[in-house]
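Bear in mind that the values here come from a model prediction, so they are computed numbers and not experimental data. Each chain gets a letter, A, B and so on, in the order its sequence line appears, and its residues count up from 1. As a basis for the values below, the full set of heavy atoms in this structure was taken, side chains included, without hydrogen atoms, waters or symmetry mates.
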2 protein chains.
Amino acid sequence: MAVGLQAPGELHPVDGIRLAATHCGIKADPAVGDLGLIEVAAGASVAAVFTQSHFCAAPVILCRRHLRTHPAARYLLINSGNANAATGDAGLEAAAASCAAVAAAGGVAPEAVLPFSTGVIAEPLPLDPIRAAIPRLVDALADDAWLAAAEAIMTTDTLPKAISSRVEIGGRTVTITGIAKGSGMIKPNMATMLAFVATDAAIDAAALQALLQELVASSFNAITVDGDTSTNDSCVLIATGASGVDLGSGGEVLRGALRDLFERLAQAVIRDAEGATKFVEVVVEGADDEADARAVAFTIAESPLVKTALFASDPNWGRLIMAIGRAPVGRIDPARVDVHLGDLRLLHRGLPDPGYREALGQAEMQRSEIRIGVNLNLGAARARIWTSDLSYDYVRINAEYRS
Amino acid sequence: MAVGLQAPGELHPVDGIRLAATHCGIKADPAVGDLGLIEVAAGASVAAVFTQSHFCAAPVILCRRHLRTHPAARYLLINSGNANAATGDAGLEAAAASCAAVAAAGGVAPEAVLPFSTGVIAEPLPLDPIRAAIPRLVDALADDAWLAAAEAIMTTDTLPKAISSRVEIGGRTVTITGIAKGSGMIKPNMATMLAFVATDAAIDAAALQALLQELVASSFNAITVDGDTSTNDSCVLIATGASGVDLGSGGEVLRGALRDLFERLAQAVIRDAEGATKFVEVVVEGADDEADARAVAFTIAESPLVKTALFASDPNWGRLIMAIGRAPVGRIDPARVDVHLGDLRLLHRGLPDPGYREALGQAEMQRSEIRIGVNLNLGAARARIWTSDLSYDYVRINAEYRS
């Protein structure tokens, strides 16, 4: 069902990063990966952001704890099939034990290992198969295993999500390669969303953390499937420094390449959203401030009535007006609002455009990639986000997920 | 698909109220009503609350305007099939013209007529058939036409919603009868929800408005289907005074009878929610304040992942934890949280209850009426709301609504 999402193209190795993946036995099907390991060379910078959930999972708690004392993480261990959430002290102990096993095999401190989990909530993490698999994972580490790692972290994803790019800066090549997973429970402040991006640019830890937060704002925090946020979301950006290009010399080219890769990776999550038949961009302009622009955009993107109309390819755009009307913002002046579907103007200054014809709206709605544009004509702030529609398959997938 | 909703029982006339309904031609099917009229005797008090949408419809704008100068409304004109929303000045003129037609036929000022509309947004209100029908509506006014009025205001409702009750107070009988419509786009601060309740109690206008706001808080503002709020929601409470019983003599018995009728009418909307297969009560206790309790309850009630699990009768209660975790409240301490499904404890102080068995959870989830209980164990505030599940039929109904 993925909308305009292809299998990953060539994934360039990132100097300083090695990966491995395997089936350890968390998932039932022995043919699919459920455990991945990423090794980070000594001297690299690591930045991370995590879910804002009150109920964050054991691995998230442990990641935060480890990063406080060992900001330069050396290993990332990722399992799918079990979220290790709502598992209390036993969950923390299981996550810590899995880190200790990696630390022993890799010859680093346990706090230099970061754990990540995604899958079913409130079931104990099966520690034994994870521990048993770690020696062979460490042995298998290679710089060309990005795709295998992308596959091992999938849950309801229908395709692995991995993107790689290279830019030339001052005669040197900078590589950026990233993987992500997630297709439901996706919403700003992350989601059941894991993303790991590495570059061989040289960026110190503090600058990398600030950069990651900026990159996430316009990518992973600008997507929503169902407004649901998971207990486990994590996004990690690693800069190994091997290319010798830093933010000073890389400047806007490097930032632009990173921003582009983050946005495409976030869009890949939406293109593979559970049951999606449409890829929808919502742009809100003319707001008093960016928070208002985002609030209007997310109200549209998360409205079940808008999403079912998108699924039906029905230009029932009264529902867009309804959603704009209920957005939790200080002021909207209906008499100033313009609404577009693609290039077609639906509403002009609060009234149906005289040139609007149902057939034109129908043609726009039948596209698989749709752009909804709203101009509040109040101020200069804007926001752009991406979402999917609400289909029978969304219900089917989520009604059947565990069975 | 309605869950535990019966056709209305006996509807007692309310002294001072007459009603009529007809098919005027807004809807295609000549067998179904699409226009209703309620006549209020002179001297009655009228209170009303309306949608909080920025994009409120022409009839809502006009109702507010009329009530400012003529608080004692004498006629309520209600059409279904067209919302008269996003229709600009032409929509206001059409609503005003329909009021003027009622005023002429009824011999009152146009400002003593309140208009209400529900249906498709952004299409012109067909004024001619409405005007043509008004004389025969006025001629047909009768005190026993509550059911016909309930039927005429339906849109995607599968059953009319009407409830009537009588209480004896100090040897006198007080009657309360109300009707409501709405089954999608339902959310606090009203929804595509119209409700009209009349009593022959004697309550002055100011007290009636305060009472209505109190009643709505625990009824129509405590329900949600999809989190979507309409442009047209309105709730009117009329007190004709004919029984001679006032709030002083009626006291808690009268308030209790009104509260009970409002709650049952609001529940009827949820029982008939679009595609509903479950009627779900969410109770959140132990919150720091009522706003937090409501925020947690609504986050659970509006989570698509919780709603699809309810539809599937799947005790995948990790999703309840996810929803509690993402609730927009100041603090939640996971280690204090208890969660129940009916009487079955799922989570005790943040951990799966040792006595929990999947079969027990399955049995609770298979009921058609489900109670989700959350205790945050932080403070003394609580909230109780009602919602429905998210089914294939919700998608079907909303993907096909206009076709």
Side-chain angles (χ1 to χ4, degrees), chain A residues 51-56 83 85-88 120-123 184-185 187 189 226-231 302-306 308-309 311-312 314 316-319 321-327 329 331-335 337 346-347 350-352 390-392 394-396 398-403, chain B residues 51-56 83 85-88 120-123 184-185 187 189 226-231 302-305 308-309 311-312 314 316-319 321-327 329 331-335 337 346-347 350-352 390-392 394-403:
Chain A
T51 179
Q52 299 300 306
S53 172
H54 296 287
F55 254 107
C56 60
T87 46
V120 177
I121 298 174
E123 292 189 2
M185 219 186 271
K187 153 88 181 181
N189 302 319
D226 45 24
D228 277 334
T229 302
S230 107
T231 47
E302 291 172 1
S303 159
L305 290 169
V306 170
T308 46
F311 168 56
D314 178 1
N316 184 351
W317 49 272
R319 294 180 183 175
I321 293 170
M322 174 282 299
I324 298 166
R326 76 170 171 91
V329 301
R331 66 163 182 156
I332 285 177
D333 179 354
V337 176
L346 306 175
L347 201 73
L351 288 176
L390 174 55
S391 68
Y392 293 119
Y394 177 88
V395 177
R396 185 185 55 74
N398 284 300
E400 293 176 0
Y401 178 46
R402 299 199 318 166
S403 43
Chain B
T51 179
Q52 299 300 306
S53 173
H54 296 286
F55 253 106
C56 61
T87 47
V120 176
I121 297 176
E123 294 190 1
M185 217 185 272
K187 153 88 179 179
N189 303 320
D226 45 25
D228 278 335
T229 301
S230 106
T231 48
E302 290 173 1
S303 159
L305 290 169
T308 47
F311 168 56
D314 179 1
N316 184 351
W317 51 270
R319 295 182 182 175
I321 292 169
M322 175 281 299
I324 298 166
R326 78 170 170 90
V329 300
R331 68 164 179 155
I332 286 177
D333 179 354
V337 176
L346 307 174
L347 201 73
L351 288 175
L390 173 55
S391 67
Y392 293 119
Y394 177 86
V395 177
R396 184 184 57 72
I397 291 164
N398 284 299
E400 294 176 0
Y401 176 47
R402 300 201 318 167
S403 42

K.L.:
What are the two closest heavy atoms between B:His54 and A:Ile324, and how far apart are they?
P.N.:
CD2-O, 4.1 Å
K.L.:
Considering only heavy atoms, which portion of A:Val329 lies under 4.5 Å from any heavy atom of chain B: side chain, backbone, both, or neither?
P.N.:
both
K.L.:
What part of A:Ala85 gets closer than 4.5 Å to chain B, counting heavy atoms only: side chain, backbone, both or neither?
P.N.:
neither
K.L.:
Taking the side chain as every heavy atom from C-beta outward, state whether A:Tyr394 and B:Val395 have any atom pair closer than 4.5 Å.
P.N.:
no
K.L.:
With a 4.5 angstrom heavy-atom cut-off, is it the side chain or the backbone of A:Leu346 that approaches chain B, or both, or neither?
P.N.:
neither
K.L.:
Give me the atom names and distance for the closest heavy-atom approach of A:Pro352 to B:Ala122.
P.N.:
CG-O, 4.1 Å
K.L.:
Quick one: of A:Ala312, A:Pro334, A:Ala83, who has the most non-hydrogen atom pairs under 4.5 Å with chain B?
P.N.:
A:Pro334
K.L.:
Given that the side chain runs from C-beta out, which part of A:Tyr392 has a heavy atom under 4.5 Å from chain B: side chain, backbone, both or neither?
P.N.:
both
K.L.:
Of the backbone (N, CA, C, O) and the side chain (C-beta and beyond), which part of B:Ala327 lies under 4.5 Å from a heavy atom of chain A, both, or neither?
P.N.:
backbone
K.L.:
Rounded to the nearest 0.5 Å, how far apart are OG1 of A:Thr308 and CZ of B:Arg396?
P.N.:
12.0 Å
K.L.:
Report the option among A:Thr87, A:Leu347, A:Leu351, A:Asp333 that has the most heavy-atom pairs separated by less than 4.5 Å from atoms of chain B.
P.N.:
A:Leu351
